[in-house]
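For clarity, every value in this text was computed on a predicted model and none was experimentally measured. Chain A is the first sequence line, chain B the second, and so forth, proteins listed ahead of strands; every chain is numbered from 1.
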Protein chains: 2
Amino acid sequence: MTTPTPRKTRGTGRPTLEEVARRAGVSTITASRALRGLSSVGAEYVDRVREAARELNYVANSAARALARAQSDTVAVLVPSLTNNVFTDAIEAIHTVLRPHGIEILIGNSHYSRDAEEDLVRHYLASPPMGMMVTGFDRTEAARRLIDASGVPCVYMMELAKAENVYCVGFSQHEAGDAVAKHLIARGCHHNAFIAAQLDQRMLQRGEGFRRALQRAGMHEPDLEILTPAPSSIGLGCELFRQIMTRRPDVDGIFLGNDDLAQGALFEARRMNIRVPEDVAIVGFNDLAGAADCVPRLTTVRTPRAEMGRTAAHLLLSIMRQESVPTPMIDLGFELVVRESA
Amino acid sequence: MTTPTPRKTRGTGRPTLEEVARRAGVSTITASRALRGLSSVGAEYVDRVREAARELNYVANSAARALARAQSDTVAVLVPSLTNNVFTDAIEAIHTVLRPHGIEILIGNSHYSRDAEEDLVRHYLASPPMGMMVTGFDRTEAARRLIDASGVPCVYMMELAKAENVYCVGFSQHEAGDAVAKHLIARGCHHNAFIAAQLDQRMLQRGEGFRRALQRAGMHEPDLEILTPAPSSIGLGCELFRQIMTRRPDVDGIFLGNDDLAQGALFEARRMNIRVPEDVAIVGFNDLAGAADCVPRLTTVRTPRAEMGRTAAHLLLSIMRQESVPTPMIDLGFELVVRESA
DNA sequence: CTGAAAGCGCTTACAG
DNA sequence: CTGAAAGCGCTTACAG
């Protein structure tokens with residue numbers, strides 16, 4: 001004898017918490033608490049509820065939960081680019097840490113635009129995520145205020161803050177630039193150029209570190225800097241390398257603000273029959289895929305992208321749980337990887 | 001005389017639809033309809049409601065909406081990698097199309113694992129998105145069934161389906177491999193190798209196209225194929241190039257299944273003092289950044305990543321709106337870009 | 001074209 | 001430790 005299943009007119013048709021509770025012989029709220037692992041539920045109930053949920057293939061309706069709690073199991077991650085593996089590496093690591101906690105990651109790509117980032121902040125804060133992670137500190141005043149006023153826990157990635165009261169995970173871009181300059185100087189390069197594109201704050205900070213070190217050594221030549229807001233690319237690296245070497249053939253050391261630019265320089269050097277590192281030493285930044293394999297193998301600065309993502313995610317987790325964190329600022333450092341090009 | 005604002009104990013504290021309605025002097029449901037642009041609302045009301053919403057800075061609570069409609073304004077996009085720009089390019093385009101429609105994109109990265117993808121399918125389908133986009137057709141039977149049974153509109157990207165009843169946007173990987181073989185043959189290459197890694201279906205399909213063309217020309221040599229499931233990378237390209245040239249120095253044409261592998265081959269060729277294309281012609285796949293700038297400039301197959309993303313997103317939009325679509329299968333083609341390496 | 005009622009599926013807040 | 005009630009903020013379904 002079969003009872004006809006009543007046709008539901010609304011809803012998803014999926015099993016609900018109420019059905020789980022009924023099957024387990026407890027109240028809905030007890031089922032809710034049992035499934036959430038709240039300690040105030042008797043052990044015998046917990047098992048019964050879990051069992052019932054399993055049998056029914058129960059999955060909590062996240063919309064209902066979000067509505068009831070006035071918050072969703074979501075973390076918004078704002079990056080300036082998805083093309084640049086610097087950020088996808090970090091995102092991967094964030095996923096790895098947060099997914100097991102049932103947290104969904106919303107990726108916002110600002111395309112290196114402050115205004116676009118402000119829109120994203122506004123958008124995500126409209127349905128407050130339980131936390132957010134943003135890239136660096138360069139944003140509109142409005143975006144800054146929105147984040148602060150939202151009360152949503154926020155971790156800043158990729159840079160170190162000046163202030164004490166912000167949670168950040170990164171490394172000193174300035175020191176990294178400094179290290180590159182010192183390496184070039186120690187190598188005996190006398191005319192050191194700096195080539196940068198995109199001109200986001202991190203790029204500028206490493207440029208500043210590089211410049212300062214040259215100045216301290218009395219070797220800074222302002223006209224040996226090429227800074228363009230155009231997006232970084234291998235092609236642009238080719239172009240700018242040719243430009244500087246044509247204008248100043250005596251340049252014997254170049255720091256290109258990232259590996260794309262540096263790879264382009266390597267290619268163009270070959271086309272121009274300029275030997276690397278004999279005629280000119282070349283240093284990149286980030287140690288992306290390929291840097292270790294090109295000809296000559298690229299000397300560059302390895303940045304801890306995955307580790308930043310992982311650490312930032314763990315930090316955010318702690319803050320969201322209101323745990324006390326040892327230090328709000330985590331410096332993960334960097335490493336100058338000396339290979340063949342410089 | 002000021003009335004003290006009642007402190008809300010629950011909820012987000014954000015303005016609700018009810019407040020908007022009250023301010024506009026209509027019922028909540030009329031406000032709801034007005035804001036959603038349902039034609040059954042008098043024009044005068046629409047303006048009043050919109051005005052009130054603007055004044056209150058009203059943003060609909062997406063959780064409440066999702067709960068009431070038993071569906072969220074969300075599209076899940078499943079890709080095998082975020083490191084490979086093939087997929088980030090597509091994702092970018094999808095974002096561009098879907099964002100203006102208020103649709104949030106959930107990115108699932110399967111890391112080229114069928115099991116991981118099945119988990120993702122299960123996860124996303126647990127809170128059904130309004131639509132989903134997946135990569136190719138190679139998945140577990142369970143994942144396939146879950147998608148079909150869910151009733152969630154789904155568009156398949158990157159490949160063309162055999163069946164008629166699936167919505168897909170891509171190009172023929174098989175034909176692309178065929179085109180590469182023909183080019184190498186026309187160039188006069190007699191011993192043509194195929195080097196592939198990762199071994200996802202698309203890679204294998206272009207390999208098959210390549211192989212068939214060689215067979216038709218009576219030029220296929222089985223031992224000139226290196227297929228490894230290891231992840232593609234420039235470094236691996238170096239390694240495999242050295243391997244094949246050491247084993248068979250008479251090879252004079254190589255199709256590497258993607259640009260990473262090909263770039264590695266170019267580097268290693270230089271290290272081995274093998275001239276490209278004089279000694280061996282090299283063809284890559286995808287035309288990623290750098291292909292046009294390396295030395296020698298890489299001959300490769302340009303694939304329509306952004307266009308696939310854009311087109312797939314528009315197609316999904318149509319399906320979700322239940323509009324009739326002219327054709328479920330959209331072939332965007334590819335283009336052999338002949339540069340210097342072959 | 002407009003609205004009062006009910007419901008979506010959870011969790012909070014209050015009792016016991 | 002457990003539960004009945006109320007509420008989160010929308011939309012669906014039914015009337016008029």
Side-chain angles (χ1 to χ4, degrees), chain A residues 6-49 52-53 56-74 102 126-128 130, chain B residues 6-49 52-53 56-74 102 126-128 130:
Chain A
R7 177 93 74 61
K8 285 216 164 190
T9 42
R10 294 175 66 169
T12 55
R14 290 192 285 143
T16 68
L17 187 59
E18 196 188 332
E19 300 175 58
V20 173
R22 199 181 310 141
R23 186 176 192 106
V26 298
S27 69
T28 348
I29 184 58
T30 295
S32 169
R33 290 197 267 243
L35 257 18
R36 280 182 290 157
L38 297 190
S39 51
S40 60
V41 182
E44 70 265 56
Y45 285 150
V46 174
D47 290 340
R48 286 223 310 257
V49 172
L56 256 31
N57 231 297
Y58 172 75
V59 182
N61 180 314
S62 52
R65 168 173 292 176
L67 180 58
R69 298 204 313 191
Q71 190 192 74
S72 57
D73 287 336
T74 259
S127 326
M130 61 191 306
Chain B
R7 177 93 75 62
K8 285 214 162 189
T9 41
R10 294 177 65 170
T12 56
R14 290 191 286 142
T16 68
L17 188 59
E18 196 187 333
E19 300 176 57
V20 173
R22 200 181 309 140
R23 185 175 192 107
V26 299
S27 70
T28 351
I29 184 59
T30 296
S32 168
R33 289 198 266 244
L35 257 17
R36 279 181 292 159
L38 297 191
S39 52
S40 60
V41 181
E44 70 265 57
Y45 286 150
V46 174
D47 291 339
R48 285 222 310 257
V49 172
L56 256 30
N57 231 298
Y58 172 75
V59 182
N61 180 314
S62 52
R65 169 173 291 177
L67 180 58
R69 297 203 314 191
Q71 190 192 73
S72 57
D73 287 336
T74 259
S127 326
M130 62 190 306

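The nearest heavy atom of DNA chain C to L67(B) and to A68(A) marks one nucleotide each, and the one closer to the 5' end goes with L67(B). Mapping P15(A) and S40(B) onto DNA chain C via the closest heavy atom, the residue that lands nearer the 5' end is S40(B).
Regarding L35(A), its CG atom lies at a distance of 8 Å from the P atom of dT11(C), rounded to whole Å. Here dT11(C) presents its C1' atom at 10 Å from CG of L38(A), a figure rounded to the nearest Å. Atom CZ in R48(B) sits roughly 14 Å away from atom C1' in dC1(C) (whole-Å rounding). Summarising the geometry, the separation between CZ on R22(A) and C1' on dG3(D) is reported as 16 Å, rounded to the nearest angstrom. Distance CD1 (I29(B)) to P (dA5(C)): 14 Å, rounded to an integer number of Å. N61(A) has its CG atom 16 Å from the P atom of dC10(D), to the nearest Å.
Among the heavy atoms of the strands lying under 4.0 Å from T30(B) are primed sugar atoms or P, OP1, OP2 only; no base atom is included.
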Writing each nucleotide of DNA chain D 5' to 3' as (, ), [, ], | or . by Watson-Crick or G-U pairing under 3.5 Å yields |||.||||||||.|||
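The side chain of S27(A) sits closest to dG3(D) out of dG3(D), dG9(D), dG3(C). Distances were taken from every side-chain heavy atom of R65(A) (C-beta onward) to each of dC10(D), dG3(D), dT11(C); the shortest belongs to dT11(C). Considering only the side chain of Y45(B), dT2(C) comes nearest among dT2(D), dG9(D), dT2(C).
With hydrogens and angles ignored, a donor-acceptor pair under 3.5 angstrom links the side chain of R33(B) to the base of dG3(C).
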